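Count residues from 1 along the sequence. Computed from a predicted model, the values in this text were never measured in an experiment. Read the numbers this way: they start at 1 and go in the same order the structure lists the ligands and their atoms.
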Amino acid sequence: MVASMHDANRSSPESLEITRPDDWHLHLRDGAMLARVVPPTARRFGRAIVMPNLVPAVTTVAGALAYRERILAACPDDADFEPLMTLYLTDDTPVSEIEAAAMSPHVAGVKVYPRGATTHSSEGVSDLSRLGSVLEALASTGLPLLVHGESTAPDCDVFDRERVYLEETLSPVIDRYPALRVVFEHITTQEAAAFVREAPPRVAATITPQHLLLNRNAIFAGGLRPHHYCLPVLKREGDRRALVAAATSGDPSFFLGTDSAPHPRAAKETDCGCAGIYSAPVALEAYAEAFASAGALERLEGFASHFGADFYGVPRNAGRVRLVAQPWSPPDSEGEGGSALRVFLGGETLRYRVVD
Ligand code: DOR
Ligand code: ZN
């Protein structure tokens with residue numbers, strides 16, 4: 001049972017048409033997995049910010065452009081989908097690479113993974129505050145810095161990592177570089193939501209469907225639920241409610257980023273399972289569920305289809321998508337055996353369905 005389904009059921013429209021949405025935070029992987037996971041996103045979303053945490057990581061513009069070609073080759077022929085590429089920041093990224101990225105029409109941001117924070121982050125940044133010339137280059141070019149905001153201090157409690165990173169690292173960097181544009185990715189706490197709400201418009205945040213619909217009890221509901229494990233980890237109910245309030249507030253600083261992160265079932269259901277929730281096939285419907293539970297479906301379009309494009313300085317999409325009130329149940333899994341992908345909310349009943 002998803003947490004938001006405990007909320008009062010407010011009246012909701014029979015159908016809703018919105019501008020074609022974009023996904024401002026997505027993992028597509030590479031090779032055979034890429035071919036499996038591109039179509040669900042390409043069918044629904046106009047564009048997606050594609051995360052660079054491959055092995056090896058996408059650290060150069062040349063690497064990002066080659067990856068972009070592989071993504072386009074995996075798109076269904078009739079899809080109208082544009083991947084927006086990102087570079088993976090390392091301690092050694094040269095300023096010239098940042099400048100080249102800013103010049104490329106296909107690179108939309110630079111991602112910082114604190115070293116050791118999450119999947120494939122071993123080449124990530126050891127101390128963001130020491131990358132002065134890179135931060136200056138980002139600030140002067142206007143290329144956004146996309147931040148996985150979690151402290152990696154070994155003694156930091158896993159539920160405090162986002163708050164500590166915000167206090168110790170992100171907030172000081174935002175203060176020191178007044179022109180730096182920042183997306184605080186997949187925020188999970190009331191502290192992060194309040195920070196972004198009060199920050200200037202150059203600071204924005206993405207919010208995932210799982211952090212709007214679930215709290216940390218979901219990880220332990222009747223037993224250990226590895227498919228509800230993602231990073232940053234789900235937080236308390238009070239945090240979930242603060243995120244719902246932010247997403248449905250109409251504040252353009254908050255926009256859609258699924259963080260859909262596929263891992264084969266065998267890599268999740270094991271001794272040391274991977275972090276990541278595969279939501280792409282149900283993402284828009286999952287957000288609709290969260291907004292409907294809050295009685296705020298009329299605010300979905302801004303969050304899903306307007307505010308991210310406005311922040312990144314690209315036109316809003318021309319196409320439209322329609323959601324109808326038609327209860328349905330997503331499939332539990334895609335694929336067979338250990339290579340199957342468990343789909344977020346598989347087997348649950350969702351109120352809205354996208355109709356083509
Ligand atoms: O849950 C997550 N999965 N969080 C991340 O930061 C990375 C992602 C992945 O790539 O699997
Ligand atoms: Zn991610």
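Polar contact check, R29 against ligand 1: a nitrogen or oxygen pair lies under 3.5 Å apart. Residue contacts with ligand 1: C230 is placed with no nitrogen or oxygen under 3.5 Å of a nitrogen or oxygen of the ligand (distance criterion only). Of the polar atoms of Y229, none of the N or O atoms is found under 3.5 Å from an N or O of ligand 1, judged by distance alone. When only interatomic distances are considered, the shortest N/O to N/O separation between G276 and ligand 1 falls below 3.5 Å.
Residues in residues 26-38 take part in these side-chain hydrogen bond (donor to acceptor under 3.5 Å, both in side chains) pairs, two or more places apart or across chains: H25-H27, H27-N53, H27-D259, R29-H263, D30-R70.
Using a 30° and 60° split on the angle between ring planes, Y113 and H148 fall in the tilted class, from 30° to 60°.
Remark: distances from the non-hydrogen atoms of H263 to ligand 1 include one below 4.0 Å. Ligand 1 lies out of reach of I277, whose nearest heavy atom is not under 4.0 Å from it.
Looking at E301 and R320, a side-chain N of the basic residue comes within less than 4.0 Å of a carboxylate O on the acidic one, giving a salt bridge. One finds no salt bridge joining R68 and E82 here, because no Lys/Arg side-chain nitrogen approaches an Asp/Glu carboxylate oxygen to under 4.0 Å.
Counting only non-hydrogen atoms, the option in T119, T118, L26 that gets closest to atom 9 (C) of ligand 1 is T119.
Rounding to the nearest 0.5 Å places CG of L170 at 12.0 Å from CD of E168.
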